[in-house]
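These notes are about the structure you will find just below.
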Amino acid sequence: MKHIENNKLELANNNNSIDKINNLVNLIKNYLSGEEINLYQKINNLDIEISFEKKFPTVFAQKVMKFLIENVQYGKTTTYSDIGEAIGSKAFRAIGNVMKSNPLPLIIPCHRVIRKNGGLGGFMGKMDKVWQTNLKLTLLKLEGSR
DNA sequence: TGCATAATAACGA
DNA sequence: TCGTTATTATGCA
């Protein structure tokens, strides 16, 4: 009997792909129900590798991502120009481009990046009053930033 | 290389 | 508030 329990334990610790996906789904559910969780951190804890370094081969893009993940936590917002200042660049527009090519929205919080003048900015490649942009606003409201 | 593009910002009228 | 320009990384030809 003991070996069965051990097997169960092993299975639980083994974290196969299905387990990981279920965990991920639960995380996102919790997040969407208003729980203040740092998705990127939690996912790292789940031993799910999100190698955005591969997706962003340039130093510039990696700086942007790093800044986002390390400094823009739940409920915080930043602006395109803030990021530029933080990474020593004036390429505000280019930063927007990096966001657009973000393969993991939500997890890499590009929805927390807004315009300096208080406007929303775009989301998922769209600029204005489309569902993607409304989703951005919804997420910010969820986090209490708006 | 050179050019067009972009989820920007700042300025003038 | 609208139009124009400044400015920079990226992708593609």
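In what follows, chains are A, B, ... by sequence order, proteins preceding strands, each numbered from 1. Bear in mind that the values here come from a model prediction, so they are computed numbers and not experimental data.
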- Message: Nearest whole Å is fine: how far is dC12(C) C1' from N97(A) CG?
- Response: 14 Å
- Would you mind reading off the distance between D82(A) atom CG and dA9(B) atom P, rounded to a whole angstrom? 9 Å
- Task: Measure from CG on L137(A) to C1' on dA7(B) and round the result to the nearest Å.
- Result: 15 Å
- M99(A)-I114(A) co-clustered via ILVMFWY side chain contacts under 4.5 Å: no
- Message: What is the separation between atom CZ on R115(A) and atom P on dA10(B), rounded to the nearest whole Å?
- Response: 11 Å
- Just how far, in rounded Å, is P of dT8(B) from OH of Y80(A)? 6 Å
- Message: Below the 4.0 Å mark, does dT8(B) have OP1 or OP2 next to a side-chain nitrogen or oxygen of T79(A)?
- Response: no
- Please work out if M127(A) contacts a base, only the sugar-phosphate, or nothing of the nucleic acid, heavy-atom cut-off 4.0 Å. sugar-phosphate
- Of the non-hydrogen atoms in H111(A) and L140(A), which two are nearest, and what is the gap between them? O-CD2, 3.3 Å
- Out of dT10(C), dA9(B), dA7(B), minimum distance to the side chain of K100(A) belongs to dA7(B)
- Note on the structure: Atom CG of N117(A) and atom P of dT8(B) are separated, to the nearest Å, by 10 Å
- Message: Applying a strict under-4.5 Å side-chain criterion to I, L, V, M, F, W and Y, I'd like to know whether L32(A) and L39(A) cluster together.
- Response: yes
- In whole angstroms, the gap separating C1' of dA7(B) from CD of Q132(A) amounts to 11 Å
- Item | Candidates dT10(C), dA9(C), dA7(B) - which lies nearest the side chain of K136(A) | dA7(B)
- Query: Nearest-Å distance, CG (L120(A)) to C1' (dT8(B))?
  - Reply: 14 Å
- Looking only at side-chain N and O atoms, does S89(A) come under 4.0 Å of OP1 or OP2 in dT8(C)? no
- Can I108(A) be reached from L120(A) by stepping across I, L, V, M, F, W or Y side chains whose heavy atoms are under 4.5 Å apart? no
- Note on the structure: Looking only at dA9(B), dA7(B), dT10(C), the nucleotide nearest the C110(A) side chain is dA7(B)
- Message: For Watson-Crick and G-U wobble pairs within 3.5 Å on both distances, what is DNA chain C written in dot-bracket notation, | included for inter-strand pairing?
- Response: ||||||.||||||
- Message: From the set dA9(C), dA9(B), dA7(B), return the single nucleotide nearest to any side-chain atom of F60(A).
- Response: dA9(C)
- Looking only at heavy atoms, which two atoms of N102(A) and C110(A) are closest? And how far apart? ND2-SG, 2.9 Å
- Item | Sugar-phosphate only, base, or nothing, as touched by T58(A) at under 4.0 Å among non-hydrogen atoms | sugar-phosphate
- Message: Just N and O in the side chain of K63(A): are any of them under 4.0 Å from OP1 or OP2 of dA9(C)?
- Response: no
- Query: What about L142(A) and L137(A), same hydrophobic cluster or not, with Ile/Leu/Val/Met/Phe/Trp/Tyr joined at side-chain heavy-atom distances under 4.5 Å?
  - Reply: no
- Query: Does F67(A) offer a backbone N or O that forms a donor-acceptor pair with the side chain of N71(A) under 3.5 Å?
  - Reply: yes
- First locate atom OH of Y40(A), then atom CD1 of I48(A), and finally report the distance between them rounded to the nearest 0.5 Å. 12.0 Å
- Message: Over all strands shown, is G125(A) touching base, sugar-phosphate only, or nothing at heavy-atom distances under 4.0 angstrom?
- Response: base
- E35(A) and Y74(A): side-chain donor and acceptor closer than 3.5 Å? no
- Message: If you compare all heavy atoms of Y80(A) against all heavy atoms of G121(A), which two are closest, and at what distance to 0.1 Å?
- Response: OH-CA, 4.4 Å
- With sugar-phosphate taken as primed atoms, P, OP1 and OP2 and all else as base, the protein-contact string of nucleotides 2-7 of chain C at under 4.0 Å (heavy atoms; B, S, -) is ----BB
